[in-house]
2 protein chains.
Amino acid sequence: MLGILGGDDRCPIARSLDVLGEKWTLMIVRDALAGTTRFSRFQESLGIPREVLTARLATLVEGGVLERRSYKPESGRARDEYVLTGAGQELAMVLLALGDWADRNRPSSAPAGMRFVDAETGERLAPAARAGDRLVDPERIRPEAVPPEHARPEDAQPENAQPENARPEDSRPALERA
Amino acid sequence: MLGILGGDDRCPIARSLDVLGEKWTLMIVRDALAGTTRFSRFQESLGIPREVLTARLATLVEGGVLERRSYKPESGRARDEYVLTGAGQELAMVLLALGDWADRNRPSSAPAGMRFVDAETGERLAPAARAGDRLVDPERIRPEAVPPEHARPEDAQPENAQPENARPEDSRPALERA
DNA sequence: TACCTGAGTTCGGTTAGCAGAGCCAGTATG
DNA sequence: CATACTGGCTCTGCTAACCGAACTCAGGTA
């Protein structure tokens, strides 16, 4: 586990990165989402050192993303495989967002190697934000501190995205004052 | 930069992690989204070693997420600040997905410290998948290799999530064969 | 029994991250 | 003019993480 960066475990970003933030972890999740379950397959497809893979798989199991299951091939000994949990499957949303961001902002010289689709219709998917059942333009996503008290609604307003010289004290991240 | 894990830069996940995958980077993006622009503010709010912060800010500038701008406080010398680019702002979608995942699967003992809201209505947001203008249940997100040739449509089907003992050769991640 | 094979484990070297101290460079002040 | 200030780094020695290659382990099979 990476630990809670910044030391505040109320922050969901830090909590997610505790499980997901180490080198190689999200690539393993990518392969797990694509169907890989066996140690050697992960190792070959990623080119990851075996010791690192062992550690990351343990982290993903401990973090509730993967679970170990025993399987028995037609010949040979019983083995463990690593299968996505429900929580692991939900990481598809994270990878969809990452992949979309890269496609839009970090294009490759080669044609795209993967995309995300609707399992039922085959349609290509993109990430979105929603409020209830309503689609919201992702440009309107803003972080907001959840105030226990002494709420200052203006702290999370877009004005905070301006240069900080106008109000140096108010420029601390809204999150920090939660 | 982290480099392209797995060595295949057609993979958008790997390309995104090239910029975003190093320790501390996404926490810096979190704070940038919340309005932080100055070196010392990032450093204080995150508790990150200064040399690491310097390196990460440089990566984010090189990766097109932040841009350096000169500003002049009322007293003192001209300074650089780090302002989100359009591409950087788009990372809100990634953080929304990460935060939502953690809230649902890695809850904290303390009340939540932050959430994401619609900048115009203040409504709380959740991540979603969409096909065009249609909301799609995130449970239906599946990765699919974009085949240049020798397409094997069954490779990206949910059957691949089954134990691999039935078809050892077909268990390689669909992405790898793109 | 020996061999096989997948899943690790070990080991020595390299790289990344860390804490603390120090440096740099404009600006303001006496 | 010299000095102090302050934000943004840079340096240094140490620890932790990652790496590549070699090795070990443990059930099953011939």
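Every value quoted in this text rests on a predicted model; they were computed, and no experiment measured them. Atoms considered below: every heavy atom in the structure, side chains included; atoms not considered: hydrogens, waters and symmetry mates. Below, chains carry the letters A, B, ... as their sequence lines are ordered, and counting in each starts from 1.
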**Report entry** A:L60 vs A:Y82 side-chain heavy atoms within contact, under 4.5 Å
**Finding:**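 The answer is no, as the side chains (C-beta and beyond) never meet within the 4.5 Å cut-off.
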Atom-pair distance ([atom1] on [X]; [atom2] on [N]), nearest Å:
X     : N      : atom1 : atom2 : value
A:E44 : C:dG8  : CD    : P     : 14 Å
B:R41 : D:dG8  : CZ    : C1'   : 14 Å
B:D80 : C:dG26 : CG    : P     : 12 Å
A:E81 : C:dA7  : CD    : P     : 10 Å
A:I28 : C:dA7  : CD1   : P     : 14 Å
A:I48 : D:dC19 : CD1   : P     : 7 Å
A:L5  : D:dA17 : CG    : P     : 13 Å
B:Q43 : D:dT6  : CD    : P     : 16 Å

Query - Nucleotide nearest A:Y71 (side chain, heavy atoms from C-beta), chosen from C:dG8, D:dC19, C:dA7 - result: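 Of C:dG8, D:dC19, C:dA7, C:dA7 is nearest to the side chain of A:Y71.
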Query raised in the report: Residues in side-chain hydrogen bond (donor to acceptor under 3.5 Å, both in side chains) with B:R77, at least two apart?
Result: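 Partners of B:R77 under the side-chain hydrogen bond (donor to acceptor under 3.5 Å, both in side chains) test: none.
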Any side-chain N or O of [X] below 4.0 angstrom from OP1/OP2 of [N]?
X     : N      : value
A:S40 : C:dA7  : yes
B:K23 : D:dA17 : no
A:Y82 : C:dG8  : yes

Query raised in the report: DNA chain D: A:M1 or B:R68, which has the more 5' nearest nucleotide?
Result: B:R68
Return each pair, listed once, that meets side-chain hydrogen bond (donor to acceptor under 3.5 Å, both in side chains) where at least one residue sits in [range]; pairs must be two or more places apart or across chains.
range                      : value
residues 52-66 of chain B  : none
residues 19-28 of chain B  : none
residues 90-100 of chain A : A:E90-B:R104, A:E90-B:N105

Identify each atom pair where a protein N or O and an N or O of nucleotides 2-4 of chain D are less than 3.5 Å apart, giving names and distance.
none

Under the salt bridge (charged side-chain N to carboxylate O under 4.0 Å, His left out) rule, collect the residues that match up with [X], sequence neighbours excluded.
X      : answer
B:E139 : none
B:D103 : A:R15, B:R124
B:R134 : A:D118, A:E123
A:D137 : none

Requested in this report: Identify, residue by residue, the members of residues 53-67 of chain B with a heavy atom below 4.0 Å from DNA chain C, and return them in order of residue number, or none.
Outcome: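 Here the set is B:R56.
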Query raised in the report: Would you call B:R115 and A:E144 a salt bridge, taking side-chain N to carboxylate O under 4.0 Å as the test?
Result: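 Judged by the 4.0 Å cut-off on N to carboxylate O distance, B:R115 and A:E144 do form a salt bridge.
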Requested in this report: Check side chain to side chain contact (heavy atoms under 4.5 Å, CB included) between A:A92 and all other residues, then give those that pass, not counting sequence neighbours.
Outcome: A:L33, A:Q89, B:I141
Query raised in the report: Which letters describe nucleotides 21-30 of chain D, given B = protein heavy atom under 4.0 Å from base, S = only from sugar-phosphate, - = neither?
Result: -B---BSS--
Report summary line: Separation between OG (B:S45) and CE (B:M27), nearest 0.5 Å, reads 8.0 Å
